[in-house]
Amino acid sequence: MERTASRKFGSVTGPLPLLLSVRVGTLIPPTILVSYEESLDDTLNKHIIDMLGVPDSWSIPGVKESCLGLGLNDEIVEHLAKGTSPRFAYNTYCHFLLRFGSLVLGVPRSSYHQVLKNFVDNTGRTGNELTVEDLVFIANEFKNIQ
């Protein structure tokens, strides 16, 4: 993959980092990944996506069951920001932290939703109004969720 994409997994210098998207297997029941209430109603995901903002071009079938941006960490997101745009890099990092936390670590999505709700209540900014500094703040808040 690295050779084909001309990118390197874990790259913090040189070529842009190779990031992976890992789809959750169908053998894992959805009730394990989210709370019972969340599995009945998908409005929580819609609120999260509305608050963080997702370009229409990201509308990919199955995206809600995928961990997008696997390979990102604090160092790599800075390198990605230098090679693309900081807003894109940190928005991607926020989405990765949310997906990894909820799908892999089993953190309830409602925890991430609360972080975003608090942020929106305090600033009034959502979606495309979010600055790079806002996204860095949100990413740090997401990393503090346990």
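It should be emphasised that the depicted structure is a prediction, and the values quoted were computed from it without experimental measurement. What you see below is based on every heavy atom in this structure, not just the backbone, and it leaves out hydrogens, waters and symmetry mates.
A distance of 9.0 Å separates OG1 of Thr123 from CZ of Phe137, quoted to the nearest 0.5 Å. One finds the CD1 atom of Ile138 at 9.0 Å from the CZ atom of Arg125 (value rounded to the nearest 0.5 Å). Atom CD of Glu141 sits about 8.5 Å away from atom CG of Asn118, to the nearest 0.5 Å. Rounding to the nearest 0.5 Å gives a distance of 10.0 Å between OH of Tyr90 and CD of Glu133. Expressed to the nearest 0.5 Å, how far NE2 of His95 lies from CG of Leu97 amounts to 10.5 Å. Arg109 CZ to Leu116 CG: the interatomic distance, rounded to the nearest 0.5 Å, is 13.0 Å.
Under the 4.5 Å side-chain criterion, counting only non-hydrogen atoms from C-beta, Leu18 is in contact with Glu2. Leu80 is listed as a side-chain neighbour of Leu19, based on a closest heavy-atom distance under 4.5 Å. Side-chain atoms of Leu135 and Val132, non-hydrogen and from C-beta on, never get closer than 4.5 Å to each other. Taking the side chain as every heavy atom from C-beta outward, Thr13 and Lys8 never approach each other to under 4.5 Å.
Contact detail for Cys94 and Ala139: the closest heavy-atom pair is SG-N, 3.7 Å. Contact between Arg7 and Leu16 at its shortest, heavy atoms only, is CB-O, 3.2 Å. Here the closest heavy-atom approach between residue Pro17 and residue Ser11 is recorded as CB-O, 3.7 Å.
In this pair, Tyr93 and Phe96 present their aromatic rings parallel. The plane angle is below 30°, not in the 30 to 60° band. Below 30°, between 30° and 60°, or above 60°: for Tyr112 and Phe142 the angle between ring planes is above 60°, a perpendicular geometry.
Side-chain N or O atoms of His79 include one that pairs as donor or acceptor with a backbone N or O of Gly14 at under 3.5 Å. No side-chain donor-acceptor contact under 3.5 Å links Gln114 to the backbone of Ser111.
For Lys143, the NZ atom sits in a packed shell: over 12 heavy atoms of surrounding residues, nucleotides or ligands are nearer than 6.0 Å.
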Are Val12 and Glu78 close enough, and set up right, to give a side chain to side chain contact (heavy atoms under 4.5 Å, CB included), and what steps lead you there? CA-CA 8 Å; Val12 293; Glu78 289 179 24; over 6 Å; no
